[in-house]
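As structure tokens, the structure follows; a few thoughts come after it.
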There are 2 protein chains.
Amino acid sequence: MQLDPTDRKILTLLQDDAQLTIKEIASKINLSVTPVHERIKKLEKEGFIDKYVSLLNRRKLGKSLVVYCNVTLDKQRKESFEDFNQAIVNMSEVLECSVVSGNFDYMLKVIVEDGEAYNQFYQQKLSALKSVLHISSYFVISEIKYTTGIEVV
Amino acid sequence: MQLDPTDRKILTLLQDDAQLTIKEIASKINLSVTPVHERIKKLEKEGFIDKYVSLLNRRKLGKSLVVYCNVTLDKQRKESFEDFNQAIVNMSEVLECSVVSGNFDYMLKVIVEDGEAYNQFYQQKLSALKSVLHISSYFVISEIKYTTGIEVV
DNA sequence: CGCTAATCAGAAAAAAATACTGAATGCAAC
DNA sequence: GTTGCATTCAGTATTTTTTTCTGATTAGCG
């Protein structure tokens, strides 16, 4: 399926504010509600829109510390990767985890309450995994930018 | 303001699916619509809910490559950080950017179309910034986990 | 006990989403 | 050229949801 400029405008609006009513969107792009509604349903069905979420304020919820981790696995063990992946998916502290190229294996983004909580997480959860060989932690001091919005060209 | 278990349930539901109707939420947590509605409005006003967004499928939109970057700035120049921050905020390829502790200064998450597009971005945008001294790039090979949902305890 | 504040259910009103109808347009086949 | 088909749209009707309003229940407290 090919997106036209109207679809792109709708996607751009929705990824910034999913609470916009169809009428509001219609008004912003000079259309009536019918085509806007139909297009949104189509975009959902075709998989351009993955899901609608509300973004919570992590500080308000006591998760003030963000840490990026580089993890290297013990390549000797054949099942290392599967074991590790499985474990990571079930850790609520880990928001993002990807296999990356370079001189380590995984990049993680972790959020916790504070340094003490990270120490707990590090010692009892992450480094406790048998497949883990090495971890480097980078503490976030200041968040310059965070967005879930991607450019819709 | 203090959250009670009902508030936490609502937040947990909403951060996973912001399209749930108040009636559906009410039914899931055994309440009527009135208190659910009142609580959501309160949670928005108090800042526990930052915003509602739709998450788009980046592959569908041609952004197939994710790259994490470590950037080191030239500390000699006094205005380096401000200049860099300003520039980053205006780059649509950069989804996340944070100042971090450790042997480099910034951690970035970048999404682009492919390797060629990254090369373009790297050469003409990122390394073109005067304040940038060094960049290390880590290409994402496989995304194990990605979520915007944080544990609401 | 009586007062107040907080929380809730249920119903009513307002607004939104969804479904339906038909008009306008573009395009391909003949 | 014109017939037929598909696409896109505006306008309206219907259904569903949100929002507001009213009053009941409960818990805390002097």
Side-chain angles (χ1 to χ4, degrees), chain A residues 1-63 147-153, chain B residues 1-63 147-153:
Chain A
M1 177 200 174
Q2 189 63 19
L3 297 181
D4 68 12
T6 302
D7 292 323
R8 294 184 220 282
K9 283 182 203 162
I10 293 174
L11 288 176
T12 301
L13 288 170
L14 277 180
Q15 76 173 336
D16 185 54
D17 183 1
Q19 296 255 82
L20 286 172
T21 66
I22 293 178
K23 197 195 287 185
E24 285 169 333
I25 294 172
S27 151
K28 281 177 193 291
I29 63 178
N30 295 315
L31 271 178
S32 67
V33 299
T34 309
V36 174
H37 180 255
E38 283 170 350
R39 281 166 184 268
I40 291 173
K41 288 305 153 198
K42 195 165 171 186
L43 291 167
E44 290 171 356
K45 192 150 63 74
E46 297 278 341
F48 287 91
I49 299 173
D50 274 339
K51 65 187 303 200
Y52 296 86
V53 301
S54 40
L55 300 180
L56 306 187
N57 186 309
R58 61 181 170 76
R59 286 165 204 283
K60 278 275 190 180
L61 293 166
K63 309 288 186 181
T147 179
T148 54
I150 72 186
E151 194 185 33
V152 183
V153 195
Chain B
M1 177 199 175
Q2 189 63 19
L3 297 180
D4 68 12
T6 302
D7 293 321
R8 292 184 220 283
K9 282 181 201 161
I10 293 174
L11 288 175
T12 300
L13 288 169
L14 278 180
Q15 76 173 336
D16 186 55
D17 182 2
Q19 296 255 81
L20 288 171
T21 66
I22 295 177
K23 197 196 285 186
E24 286 168 333
I25 295 172
S27 150
K28 283 178 193 290
I29 64 178
N30 295 315
L31 271 178
S32 67
V33 298
T34 308
V36 174
H37 180 255
E38 284 169 348
R39 281 165 184 269
I40 291 174
K41 288 305 153 196
K42 195 162 170 188
L43 290 167
E44 290 171 355
K45 192 151 62 76
E46 297 277 341
F48 286 92
I49 299 174
D50 274 340
K51 64 187 301 199
Y52 295 87
V53 301
S54 39
L55 299 180
L56 306 187
N57 187 310
R58 60 180 171 76
R59 286 165 205 284
K60 278 276 190 179
L61 294 167
K63 310 287 186 183
T147 180
T148 55
I150 71 186
E151 194 184 34
V152 184
V153 194

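First the proteins, then the strands, lettered A, B, ... as listed; each starts at 1.
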- prompt: A:Glu38 has an atom CD; how far is it from atom P of C:dA17, in whole Å?
  reply: 15 Å
task: With the side chain of A:Pro35 defined as its heavy atoms from C-beta on, choose the nearest nucleotide among D:dT17, D:dC9, C:dA9.
output: D:dC9
message: In this structure, how many angstroms lie between the C1' atom of C:dA13 and the NE2 atom of B:His37, rounded?
response: 13 Å
- prompt: In Å, rounded to the nearest 0.5 Å, how long is the span from CZ of A:Arg39 to CG of A:Leu3?
  reply: 9.5 Å
field: Distance, rounded to the nearest Å, where A:Arg39 contributes CZ and D:dA10 contributes P
entry: 10 Å
task: Figure out the NZ/C1' separation between B:Lys9 and C:dT7, and round it to whole Å.
output: 15 Å
- request: Would you please test B:Tyr52 and B:Glu44 for side chain to side chain donor-acceptor pair (under 3.5 Å) and show each step?
  value: CA-CA 10 Å; B:Tyr52 295 87; B:Glu44 290 171 355; 2.6 Å; yes
message: Can you measure B:Glu24 atom CD to D:dT17 atom P for me and round it to whole angstrom units?
response: 7 Å
- line: d(A:Thr12 OG1, A:Glu151 CD) to nearest 0.5 Å is 8.5 Å
- request: Write down the distance between CD (A:Gln19) and C1' (D:dT17), rounded to a whole number of angstrom.
  value: 13 Å
- prompt: Taking atom C1' of D:dT18 as reference, at what distance in whole Å does atom CD1 of B:Ile25 sit?
  reply: 12 Å
- request: Kindly point out which of C:dA9, C:dA19, D:dC9 is positioned nearest to the side chain of B:Leu31?
  value: C:dA9
message: Please classify the nucleic acid contact of A:Thr34 as base, sugar-phosphate, or nothing, using heavy-atom distances under 4.0 Å.
response: base
field: Rounded distance in Å - CG (B:Leu20) to C1' (D:dT18)
entry: 15 Å
- prompt: What's the closest nucleotide to the A:Ile22 side chain, out of C:dA17, D:dC9, C:dC8?
  reply: C:dA17
message: Test salt bridge (Lys or Arg N to Asp or Glu O under 4.0 Å) on B:Asp16 and A:Lys51; report intermediate values, then the result.
response: CA-CA 8 Å; B:Asp16 186 55; A:Lys51 65 187 303 200; 3.1 Å; yes
field: Heavy-atom closest contact (A:Leu56 atom, B:Asp50 atom, distance)
entry: O-OD2, 3.9 Å
- prompt: Where the side chain of B:Lys23 is concerned, which of C:dC8, C:dA19, D:dT17 is the nearest nucleotide?
  reply: D:dT17
- prompt: Which residue, B:Thr6 or A:Thr21, contacts DNA chain C at a nucleotide closer to its 5' end, judged by nearest heavy atom?
  reply: B:Thr6
field: B:Ile150 side, atom CD1; A:Lys60 side, atom NZ - distance, nearest 0.5 Å
entry: 12.5 Å
task: Look at the side chain of A:Val33 and decide which nucleotide, out of D:dT18, C:dT7, C:dT18, has an atom nearest to it.
output: C:dT18
message: Taking atom NZ as the centre, does A:Lys23 end up with more than 12 heavy-atom neighbours from other residues, nucleotides or ligands that are less than 6.0 angstrom away?
response: no
message: Once you apply a heavy-atom cut-off of 4.0 Å, does A:Ser32 come out as touching a base, just sugar-phosphate, or nothing?
response: base
field: Positions of residues 40-57 of chain B (non-hydrogen atom under 4.0 Å from DNA chain D), listed by number
entry: B:Lys41
